[in-house]
Amino acid sequence: MLRLFREKLQINIGYFLTRLRDRKMEPTSLFIVRSLPDNDRITMEFDYSHDGGKPKQFRMDRIKEEELGQTFARLKNSITSKFIKRKRKKNEPEIVQEDTPLKFTINGVEINTESKLRVAEALIQGSEVCINEQKYQVSVNPPTVLKLELPKSMMSGFPVFPKVDLQFANVLDSEFTWNRVHKDFNNLNNSLKNLNQKFLSKEKFYTPTNDDIDHKIELSCIPKLGDRSGSMSTIVSKVVVEAGPGVCPFEMRHMYTSELTDSTSFRVVSYNILADAFADTDFTRNELYPYCPPYAQSIDYRKQLLLKEILGYNADIICLQEVDEKVFDRYLLPALQINGFSGVYQMKSGKIREGEALFYRNSKFRATEEHTIDITQSLEEEAFKDIKEKLAKYEVLYEFYKKRKNVLQVHVLESVSDPRKKLCVANTHLFFHRDFDHIRIVQGVVSIRHLEQVMTKYREQGDDISLVFCGDFNASPQSPLHGFLITSQLKPEEYDLQIKDSGEKVTNFDFSHSFKLTSACGYPRYTNYVGAFHGQLDYVFVDSNLEVVSVVPPPDHEQVTQHLALPSIVFPSDHIAQICVIKWK
């Protein structure tokens, strides 16, 4: 123990002396150490040149508790085998080599094979490691680019968001440099590369122009966390920039959303963005959307339009439906985070990995609690017992309902400028089939019951809380579900609710709720327009504590039908985004 204490003391004193001596001239080489708190391993990386030869890279992975002497003994063997020993040729006599003279020091203290100090205790940030005469500065957990990718498709006029995976770094702190390069850039020599490189931007993302068409894009990233920087990583796109489809109809709608809202109001967007799992299949290409070119149904194309459209609405709250998990992780979340949003995702249960996504502007809102539920499973809870009993009287409906995979995404947000004001934001996508109004009614009743519980909890705490309920409800303004939401009650005699196969009428669905809801975006002619159907399915419902300030009008019908129906080369979804500005009363 005394020996171990003496070793620690020597290295610690050496550390402070080294820092004082070298504070104006740091070692030029780095001895990189990566050590995660929840991992018992530690990795070391550095370049070493023996006797002035070409440097070689070394990497070791060790247990944090390993004794320092043992670690450096292994390191000595590794260096010796790379620089000194060579493989003996067949029939060649064995070459006896003298031991390689390698001296290791940490902060001026020589390390030998008897050292008992733990490796993780010795290799701390800023320490100096010397191997013979070569000096290194220890950098623990430096900001690192793990992955840097550019999209498979880039178009003039549409923003390019890179996929950046960082370790020990923050994308908002990191530096980006965009350059235009020749399409054969990777095959050019260095002098020609310099001649064919043009600086474009230092922003986190870049929107190509017509000048970039038929050129590739080069992106460099220096990862940073505060004042710490890591090594730069550079990538050149695999594809050239192509011409875009021109001005899209949603850009006309951007004229109404060119400015951010003030502190007294907030803009809401609800949008079914058409899941890639549904859009890019043989069935959709040949049967559902035969009028839409296959390339315009691929996510590589559509995501460029979606990102430009969504960002251009300058919203404060964004509720999206039919969001693929990979689209959320790879495109939406990184792009919106760079633009000042936080985002949460709720995937449905089932084989298809899609669900709902909610984003909120950090300068306007902060999240307090989540109250998301599985609409199907919730029916088994005590709070929904009466609803279950009414549904269970119709065994066919009950069994059908239990197979649905719908969720209700619920988050409570509070205003940054006035934390006393809170919003319960709900987002859902209800069952789609037109013959199952009764299933949607039960889903809607369960959702409203749950939202009442959430709101009551906050109000009993004295909070000023209001409701914003967004989604693709798959219900027309004439449907029983819409009637229930708007009038606060459902009278079964007012609707013809029949079970499709048997023709049996559902007569006991009499439900009510305490909200006074209105459709904030009104009643446009349609929000979904495909070859075989058009009508309103999407809504932003708000309660009586909120007032609608303005609504962004839908695109002109001629624009929607220019390419027959949706989606198209200028509409990335088969739905139309619902957008409105709301304020507290």
ask   = In terms of ring plane angle, is the pair His438 and Phe436 parallel, tilted or perpendicular, where the classes change at 30° and 60°?
value = perpendicular
message = With heavy-atom distances below 4.5 Å as the criterion, would you say the side chains of Leu423 and Ile317 are in contact?
response = yes
message = Please tell me whether Phe432 and Phe278 form a close aromatic pair, meaning their ring centres lie under 6.0 Å apart.
response = no
request  = Taking the side chain as every heavy atom from C-beta outward, state whether Leu537 and Asn272 have any atom pair closer than 4.5 Å.
outcome  = no
task = Kindly determine whether Val560 and Ile576 satisfy side-chain contact (heavy atoms from CB on, under 4.5 Å), including the steps that lead there.
result = CA-CA 10 Å; Val560 173; Ile576 295 169; 4.3 Å; yes
note = All heavy atoms of Asp324 vs all of Ala277, minimum pair found to be OD2-N, 3.2 Å
ask   = For the residue pair Met347 and Glu354, what are the closest heavy atoms and their distance?
value = CG-O, 3.6 Å
task = Please report the C-alpha distance between Ile373 and Val410 in whole Å, then the side-chain angles of each, then the deciding distance to 0.1 Å, and finally whether the side-chain contact (heavy atoms from CB on, under 4.5 Å) criterion is met.
result = CA-CA 8 Å; Ile373 62 168; Val410 185; 5.7 Å; no
query = Within a radius of less than 6.0 Å around CD of Glu399, do more than 12 heavy atoms belonging to other residues, nucleotides or ligands occur?
reply = yes
ask   = Is there side-chain contact between Asn474 and Arg440, with heavy atoms separated by less than 4.5 Å?
value = yes
ask   = Above 12 or not: heavy atoms from other molecules or residues under 6.0 Å from CD of Glu251?
value = yes
note = Test ring pair (Phe, Tyr, Trp, His ring centres under 6.0 Å), reference His482, set Phe473, Tyr523, Tyr495, output is Tyr523
request  = Please say whether more than 12 non-hydrogen atoms of neighbouring residues, nucleotides or ligands are located less than 6.0 Å from NZ in Lys147.
outcome  = no
request  = Provide the closest heavy-atom pair for Ser174 versus Leu166 in the form atom of the first, atom of the second, distance.
outcome  = OG-CD1, 3.7 Å
query = Between Tyr313 and Tyr271, is the ring centre distance below 6.0 Å?
reply = no
query = Is there a side-chain contact between Trp178 and Leu150 (heavy atoms, below 4.5 Å)?
reply = yes
ask   = Within a reach of under 6.0 Å around CG of Asp227, are more than 12 heavy atoms found that belong to other residues, nucleotides or ligands?
value = no
task = Taking atom NZ of Lys351 as the centre, report whether more than 12 heavy atoms of other residues, nucleotides or ligands fall under 6.0 Å from it.
result = no
message = Take a 6.0 Å sphere around CZ of Arg330 and say whether it holds more than 12 heavy atoms from other residues, nucleotides or ligands.
response = no
task = For this output row, return yes or no: ring centroids of His513 and Phe484 closer than 6.0 angstrom.
result = yes
note = In short, Ala426 meets Cys319 closest at the heavy-atom pair O-SG, 4.4 Å
key: Pair Asp510 + Lys390: basic N to acidic O under 4.0 Å   = yes
request  = Indicate yes or no: does Arg420 engage Asp464 in a salt bridge with an N to O separation below 4.0 Å.
outcome  = no
inquiry  = Using side-chain heavy atoms (C-beta onward) and a distance below 4.5 Å, is Val548 in contact with Val540?
reply    = no
ask   = Say you draw a straight line from NZ of Lys152 to CD1 of Ile299; how long is it, rounded to the nearest 0.5 Å?
value = 11.5 Å
ask   = Should we count CD of Glu380 as having more than 12 external heavy atoms under 6.0 Å?
value = yes
key: Validation row: Phe509, Leu391 side chains within 4.5 angstrom (heavy atoms)   = yes
query = Quick one: OH on Tyr401 to CZ on Arg404, what's the gap to the nearest 0.5 Å?
reply = 10.5 Å
inquiry  = Just checking Glu259: does its CD atom have more than 12 heavy atoms from other residues, nucleotides or ligands closer to it than 6.0 angstrom?
reply    = no
query = Salt bridge or not for Asp329 and Arg353, using N-O below 4.0 Å?
reply = no
note = Nearest heavy-atom contact between Arg366 and Tyr360 is CA-CE1, 4.1 Å
ask   = Salt bridge check: are Glu381 and Arg449 linked by an N-O gap of less than 4.0 Å?
value = no
message = How long is the straight-line distance from CZ of Phe511 back to CG of Leu490, given to the nearest 0.5 Å?
response = 7.0 Å
message = Within this structure, what is the NE2-CD distance for the pair His429 and Gln443, rounded to the nearest 0.5 Å?
response = 10.0 Å
key: Gln578 and Asp538: side chain donor to acceptor below 3.5 Å   = no
message = Counting C-beta onward and ignoring hydrogens, is there a side-chain heavy-atom pair between Lys326 and Asp276 closer than 4.5 Å?
response = yes
inquiry  = Before you tell me yes or no, could you show the steps for Gln125 and Ser139 under side-chain contact (heavy atoms from CB on, under 4.5 Å), namely the whole-Å CA-CA distance, both residues' side-chain angles and the distance that decides it to 0.1 Å?
reply    = CA-CA 5 Å; Gln125 176 68 27; Ser139 179; 4.3 Å; yes
Audit row: Lys364, Ser415, side-chain hydrogen bond (donor to acceptor under 3.5 Å, both in side chains) steps and yes/no = CA-CA 6 Å; Lys364 272 294 185 67; Ser415 168; over 6 Å; no
inquiry  = I'd like to know if the side chain of Asp300 pairs up with that of Ser298 as donor and acceptor (distance under 3.5 Å, no hydrogens or angles considered).
reply    = no
Test log, rule side-chain contact (heavy atoms from CB on, under 4.5 Å), inputs Ser270 and Gln321 = CA-CA 8 Å; Ser270 182; Gln321 304 87 41; 3.4 Å; yes
key: ring-ring contact (aromatic ring centres under 6.0 Å, His included) partners of Phe359, counting only residues at least two apart   = Phe328
key: Student check: side-chain heavy atoms of Pro572 and Glu309 closer than 4.5 Å   = yes
inquiry  = Any donor-acceptor pair under 3.5 Å linking the side-chain atoms of Gln304 with those of Ser153?
reply    = yes
query = With no hydrogens and no angle check, do the side chains of Thr257 and Asn314 hold a donor and an acceptor under 3.5 Å apart?
reply = no
ask   = Shortest non-hydrogen contact from Arg267 to Leu260?
value = NH1-CA, 4.5 Å
ask   = In Å and rounded to the nearest 0.5 Å, what is the CE to NZ distance from Met455 to Lys422?
value = 12.0 Å
query = Is any side-chain N of the basic residue among Asp280 and Arg302 closer than 4.0 Å to the acidic one's carboxylate O?
reply = no
